[in-house]
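Input: a single structure, listed below in structure tokens.
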Amino acid sequence: MGIKVQLPDNSVVEHPAGIRPIDIAEEISKALAKRAIGAKVDGKLWDLTRPLDSNCELRLILEKDPEAPHFFRHTFSHILAQAVKRLFGDSKVKLGIGPVIENGFYYDFDIGSTRFSEDDLARIEEKMRKIIEEDLPVERFELPREEAVELMKEKGEDYKVELIQELESDTATFYKQGDFVDLCRGPHASSTGAVKYFKLISVSGAYWRGDERNAMLQRIYGTAFSKKAELEEHLKMIEEAKKRDHRKLGPQLGLFGFSSAYAPGMAIYHPKGTVVLNELMRFARELHQAHGYEEIDTPLVMNEALWHKSGHWDHYRENMYFIEKDEQKYAIKPMNCPGHMLVYKADTVSYRDLPLKLFEFGRVHRYERSGVLHGLFRVRGFIQDDAHVFCTRDQMEAEIEKVIEFVSLTYEPFGFNYRAELSTRPENFMGNIESWELATQALKNALDSSGLEYRVNEGDGAFYGPKIDFHIKDSLGREWQCATIQLDFLMPVRFELTYIDPDNREVQPVMIHRAIYGSIDRFFGIIVEHFGGAFPTWLAPVQAKIIAIADRHADYAWSVASILKKKGLRVEVDDRQRSTNYKIREAQMNKIPYMLIVGDMEQSSGTIAVRLRSETDLGSTPLEEFLDNVLSEIRNRSLESPFE
RNA sequence: GCCAACGUAGCUCAACCGGCAGAGCGGCUCAUUCGUAAUGAGCAGGUUAUGGGUUCAAGUCCCAUCGUUGGCUCCA
């Protein structure tokens with residue numbers, strides 16, 4: 001019986017059933033067969049050696065194809081498991097799961113009370129290289145569920161047994177390479193010799209199936225690429241990321257610090273960091289004012305009763321801090337919404353007042369488990385640029401569109417790429433399905449008309465409403481969640497919010513909860529890493545450093561400083577008795593945008609010698625010319641210096 | 001919270017098998033007056049995270065606490 005196989009160039013070849021993609025590749029050319037790592041059959045990833053048994057479309061996956069890493073990374077994870085079994089004993093090692101992840105793979109192991117050490121990684125790597133050298137063929141086979149369970153029981157693979165028993169299909173797929181057999185959906189490279197460049201990265205604990213009630217397994221992470229250069233670039237990127245780490249740069253540049261003994265999880269902003277924070281807030285404030293938001297300020301500490309009413313007591317208590325005084329119980333706010341409710345309710349609202357937009361730089365505190373704290377990215381106290389838009393149902397979609405536009409305006413001066421995610425109704429939702437449908441559709445429509453790239457996360461919304469999250473891609477390609485737009489069905493009900501409609505009836509408003517920076521602290525951390533500490537001039541804590549060459553230039557340096565300061569520039573004078581080289585080096589390492597060097601020449605001609613942190617030396621420049629350019633650079637919140 | 005590693009001067013890191021806590025940078029003082037990434041000399045700086053234990057002797061070994069770092073479904 002023949003089957004018809006359609007190739008990407010639309011040609012169709014006929015072969016007997018059972019032919020393998022690798023055979024077809026060889027028929028086309030030996031070289032092609034050698035370069036192929038896998039195949040795609042009717043859109044599904046397929047092993048090169050897995051027989052084709054019906055008419056299909058076939059595409060070979062070469063090293064350069066985006067699907068290629070899936071094949072070899074998955075095989076790497078099996079080689080890792082095989083190496084661990086060889087080193088620590090087949091019967092001692094129980095396997096968890098070993099999937100492909102971005103840039104690499106991992107495998108979870110249960111090896112009893114033994115722990116992998118960092119040194120073990122080198123030994124395991126060595127053993128892996130040996131398995132690659134052995135060039136073991138990777139073979140796929142299927143077993144009926146019962147037999148599959150038998151096989152895994154026999155091998156003492158308790159976790160695999162659990163997985164098979166939960167399978168939906170009647171058969172389980174296995175892959176075998178030499179003495180190693182693993183339950184696996186596949187696909188894989190066709191032999192252990194077909195994979196090349198990898199490195200084991202780290203070892204850590206991981207709960208079986210990510211549930212902390214389950215056993216703690218040990219996870220080994222690895223990274224793998226098809227080209228050596230790619231692997232090296234990835235490793236270099238990790239190094240680069242370390243250099244840009246805001247936890248390192250922050251203290252180094254005098255921006256902020258942490259007092260782990262006295263305030264774990266709370267950032268302490270020093271003068272320079274506070275300048276940046278204030279600039280971020282000034283920018284946000286300008287935008288909010290221009291877009292019809294009214295700024296408010298609500299208390300940090302409010303009576304516990306408020307939090308019962310808002311529902312936070314029921315749903316968020318674990319993350320809240322409490323205080324008792326005068327036999328009254330108070331909570332430190334973890335969110336700003338209840339405070340905003342009080343502002344809304346202070347007056348009778350007319351439909352003419354809508355949309356009503358209340359905005360606050362709200363400082364919130366949330367208890368986070370010690371293990372999840374991470375620099376400024378995950379803290380226990382932070383400031384949100386938080387606002388609530390109250391509007392009618394008819395206004396809802398237009399208002400969401402405006403917020404999406406607002407996100408783009410806010411991110412523009414930072415040069416970020418970002419994308420959105422829409423999260424829809426979860427299982428434990430509140431309210432009725434119709435409003436959920438309506439709201440989700442409104443979010444979707446607004447996203448569609450924005451032209452923004454977005455992904456849908458079904459069932460990932462908050463219990464009180466659907467939401468859009470925005471993820472910023474930084475200069476190293478890593479993503480961070482910042483802005484969020486959430487519809488809240490719960491709060492207007494709990495606080496009995498109303499407005500008076502044209503027919504003089506009380507109607508419940510729609511409430512949109514949104515933050516653009518999200519947490520200003522996290523956003524700060526992101527831009528520290530994004531710019532590697534070299535902030536655009538409008539954000540730089542010190543915008544210009546005036547460097548006097550010798551003592552006799554100090555007065556002139558200070559007079560230049562005073563002129564610049566009067567124009568609102570943030571300047572410092574360095575008239576210390578150090579060499580010019582020393583002072584330039586220091587300013588350079590502090591990533592100050594402009595170094596203004598003044599000596600005899602400048603003093604006599606009333607100029608300044610401008611050096612950029614990019615090391616460009618502009619030479620003597622009239623003060624006016626410098627000022628005009630820098631002031632407009634700052635006013636425009638430019639990313640680039642006008643002198644570049 | 002859980003698993004692992006770690007915690008020595010402001011920072012980066014030494015201190016062998018348990019035997020006098022040290023260096024560079026930074027800071028301060030003095031000399032030097034310097035033209036685009038480090039001038040030289042000197043001085044100060046420590047209850048080795050905290051608390052307990054073992055020992056003639058603890059930064060080092062043991063226990064506890066606190067903190068930091070990497071991770072804790074990207075679902076065979």
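Everything numeric in this text was worked out from a predicted model, so none of it was measured. Protein chains get the first letters and strands the later ones, always in sequence-line order, with residue 1 at the start of each.
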Report task. Is it possible for you to check whether Arg73(A) lies under 6.0 Å from the centre of the six-membered ring of Phe105(A), through NZ or CZ, and within 45° of that ring's axis? Result ->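 No.
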
What contact category does [X] fall into here, base, sugar-phosphate, or nothing, at under 4.0 angstrom with non-hydrogen atoms?
X: Asp600(A); answer: base
X: Gln218(A); answer: nothing
X: Asn581(A); answer: sugar-phosphate
X: Glu602(A); answer: base
X: Ala587(A); answer: nothing
X: Lys583(A); answer: nothing
X: Leu183(A); answer: base
X: Ile164(A); answer: nothing
X: Arg219(A); answer: sugar-phosphate
X: Val100(A); answer: sugar-phosphate
X: His553(A); answer: nothing

Query - Quiz item: Tyr207(A) side-chain donor-acceptor pair to rG1(B) base, under 3.5 Å - result: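 Yes, the side chain and the base share a sub-3.5 Å donor-acceptor pair.
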
**Report entry** Salt-bridge contact Glu421(A)-Arg419(A) (side-chain N to carboxylate O under 4.0 Å)
**Finding:**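 Here Glu421(A) pairs with Arg419(A) in a salt bridge, since their nearest N and O are under 4.0 Å apart.
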
Query raised in the report: Any ion pair linking Asp211(A) and Arg209(A) (charged N to carboxylate O, less than 4.0 Å)?
Result: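 Salt bridge absent between Arg209(A) and Asp211(A).
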
Query raised in the report: OP1 or OP2 of rG26(B) sitting under 4.0 Å from any side-chain N/O of Tyr582(A)?
Result: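 The answer is yes; a side-chain N or O of Tyr582(A) sits under 4.0 Å from OP1 or OP2.
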
Query raised in the report: Reckon Tyr221(A) has a side-chain N or O less than 4.0 Å from the OP1 or OP2 of rC72(B)?
Result: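 Tyr221(A) to rC72(B) OP1/OP2: side-chain N or O found under 4.0 Å.
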
Query raised in the report: Tell me: CZ of Arg209(A) to C1' of rC3(B), nearest whole Å?
Result: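 In whole Å, rC3(B) C1' lies 20 Å from Arg209(A) CZ.
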
Query raised in the report: Taking atom P of rA37(B) as reference, at what distance in whole Å does atom CE of Met589(A) sit?
Result: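 After rounding, the reported distance stands at 12 Å.
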
Report task. Would you give the length of the straight line joining atom CZ of Phe109(A) to atom NZ of Lys85(A), rounded to the nearest 0.5 angstrom? Result ->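 Between atom CZ of Phe109(A) and atom NZ of Lys85(A) there are 9.0 Å.
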
Between [options], which one does the side chain of [X] approach most closely?
X: Ala550(A); options: rU33(B), rG70(B), rC34(B); value: rU33(B)
X: Met601(A); options: rU33(B), rG1(B), rG35(B); value: rG35(B)
X: Arg247(A); options: rG70(B), rA37(B), rC74(B); value: rG70(B)
X: Ile549(A); options: rC3(B), rC34(B), rG67(B); value: rC34(B)

Report summary line: With both pairing distances under 3.5 angstrom for Watson-Crick or G-U wobble, and | for a partner in another strand, the correct string for RNA chain B is (((((((..((((.....[..)))).(((((.......))))).....(((((..]....))))))))))))....

Query raised in the report: Side chains of Asp182(A) and Gln177(A): donor-acceptor distance under 3.5 Å anywhere?
Result: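 Short answer, no.
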
Query raised in the report: Between rC16(B) and rC61(B), how far is it from one P atom to the other, in whole Å?
Result: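 Nearest-Å result for rC16(B) against rC61(B) at atom P: 11 Å.
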
Query - Chi angles and distances behind the ring pair (Phe, Tyr, Trp, His ring centres under 6.0 Å) call for His246(A), Phe377(A) - result: CA-CA 9 Å; His246(A) 73 280; Phe377(A) 291 164; 4.3 Å; yes

